[in-house]
Structure formats: C-alpha cells, structure tokens
Amino acid sequence: QVQLVESGGGLVQAGGSLRLSCAASGSILPNNVMGWYRQAPGKQRELVAEISRDGSANYADSVKGRFTISRDNAKNTVNLQMNSLKPEDTGVYYCNVRIRITIVSRDVDYWGQGTQVTVSS
C-alpha cells in the first residue's frame, strides 16, 4: 500500500511560479516512476512530467523548458517546479507513483488526492 500527499498548489498570475511537492509513504519498491499529471475540467488527465529513480525524466511538450521535475529517493518525494506559468496550465495536479511488479509483469499506479493550480491572465 502506498499513500501520496501533494502540496504547493495555489493561485498565481501568468508568468509566475509554483512548486509542487509530493510525499510518498508505504510499500514503495525501488523499481518505480514518480510523476505529475494534471486534469482540467472536461478534459482527460494528462501526463505533465515523470521521473525514474535514476533521474531520467520525460515532459509533456507543452511544459518543456518551463517545468522541472525532481525526486529524492531517500525521502520518497517528488517535486515539480513550474515557471513561466500560463493560464493553460490551470488544473488539478495529481502525484503518481507507478511500481513495476516484475514477478507478475504488472504495473501498479498510486495517486494522490490532487492539488489545484490556477493561473490567472
């Protein structure tokens, strides 16, 4: 069992910055990917950024150059530094941990409750 708690959301003007943080606890296996997803009203949840334990990261094209994801393996935390925010970045941001259970060839996803990010024009 894994629990994720996000923090750092809020209201910011376009061009501003926010830093999201997620703390994971529970039975987290080392073979995992941590990431951030977001969902705007009426839209599908989409990947914003993800990062492997070795630091390899992927970003959505829309946030490349503006967002930076990082993680602390010892603390089981993942952060998302968001700069040059745009109104289009508005949505609920969810922390995600994906654990690969190799013995059964299965990925298991865990989700936080979400934190609201609102970017005003």
Side-chain angles (χ1 to χ4, degrees):
Q1 57 182 21
V2 175
Q3 290 184 308
L4 306 175
V5 180
E6 304 105 328
S7 63
L11 173 65
V12 66
Q13 291 185 330
S17 299
L18 285 173
R19 183 176 176 86
L20 305 183
S21 182
C22 174
S25 62
S27 302
I28 304 174
L29 299 177
N31 186 15
N32 69 80
V33 176
M34 304 184 78
W36 289 93
Y37 290 70
R38 68 187 179 190
Q39 187 170 24
K43 295 185 178 181
Q44 293 286 100
R45 186 175 300 185
E46 64 176 352
L47 173 69
V48 177
E50 61 182 4
I51 184 168
S52 300
R53 191 173 181 87
D54 65 0
S56 178
N58 294 313
Y59 296 89
D61 289 340
S62 61
V63 307
K64 287 181 178 178
R66 299 188 297 120
F67 292 9
T68 302
I69 190 170
S70 61
R71 64 184 288 170
D72 186 326
N73 295 328
K75 297 180 179 179
N76 291 132
T77 59
V78 60
N79 302 306
L80 185 69
Q81 179 65 46
M82 305 185 293
N83 298 325
S84 302
L85 283 161
K86 304 175 181 179
E88 303 94 285
D89 296 317
T90 294
V92 178
Y93 284 66
Y94 297 90
C95 180
N96 167 261
V97 174
R98 179 170 296 129
I99 299 174
R100 171 61 59 84
I101 306 177
T102 306
I103 194 170
V104 295
S105 300
R106 181 187 177 202
D107 291 338
V108 178
D109 284 287
Y110 297 90
W111 298 92
Q113 80 285 353
T115 184
Q116 178 70 42
V117 171
T118 303
V119 184
S120 62
S121 301

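All values reported here derive from a predicted model rather than from experimental measurement.
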Nearest atoms (heavy-atom pairs only) where Val97 meets Ala24: CG2-CB, 4.5 Å
Val92 reachable from Leu80 in the ILVMFWY side-chain graph, under 4.5 Å edges: no
Hphob cluster co-occupancy, Val33 + Tyr37, side-chain heavy atoms under 4.5 angstrom: no
Side-chain (Glu6) to main-chain (Cys22) donor-acceptor, under 3.5 angstrom: no
Side chain to side chain, Met82 and Val48, heavy atoms closer than 4.5 Å: no
N-O pairing of Lys64 and Asp61 below 4.0 Å: yes
Under 3.5 Å: donor-acceptor pair, side chain of Asp107, backbone of Arg98: no
Hphob cluster co-occupancy, Ile101 + Met34, side-chain heavy atoms under 4.5 angstrom: yes
Tyr93 with Val119, same ILVMFWY side-chain cluster at under 4.5 Å: yes
Side-chain donor-acceptor contact under 3.5 Å, Gln81 with Asn83: yes
Nearest heavy-atom neighbours spanning Asp89 and Ser84: OD2-O, 4.5 Å
Closest non-hydrogen atom pair between Val117 and Gly9, with its separation: CG2-CA, 4.2 Å
Minimum heavy-atom distance Gln113-Leu4, with the two atoms named: OE1-O, 3.5 Å
Residues, nucleotides or ligands: over 12 heavy atoms within 6.0 Å of Glu46 CD: yes
Shortest non-hydrogen contact between Ser52 and Arg71, atoms and distance: O-CD, 3.2 Å
Cluster overlap Leu47 with Val78, hydrophobic side-chain contacts below 4.5 Å: no
Tyr94 and Trp111 aromatic ring geometry - parallel, tilted or perpendicular at 30°/60° bounds: perpendicular
Qualifying residue, where the test is side-chain contact (heavy atoms from CB on, under 4.5 Å) with Val2 and the options are Asn76, Ile99, Asn32: Ile99
Note, Ile51 side chain near Tyr59 side chain (heavy atom, < 4.5 Å): no
Test item: Arg38 and Val63 side chains (from C-beta on) under 4.5 Å apart, heavy atoms: yes
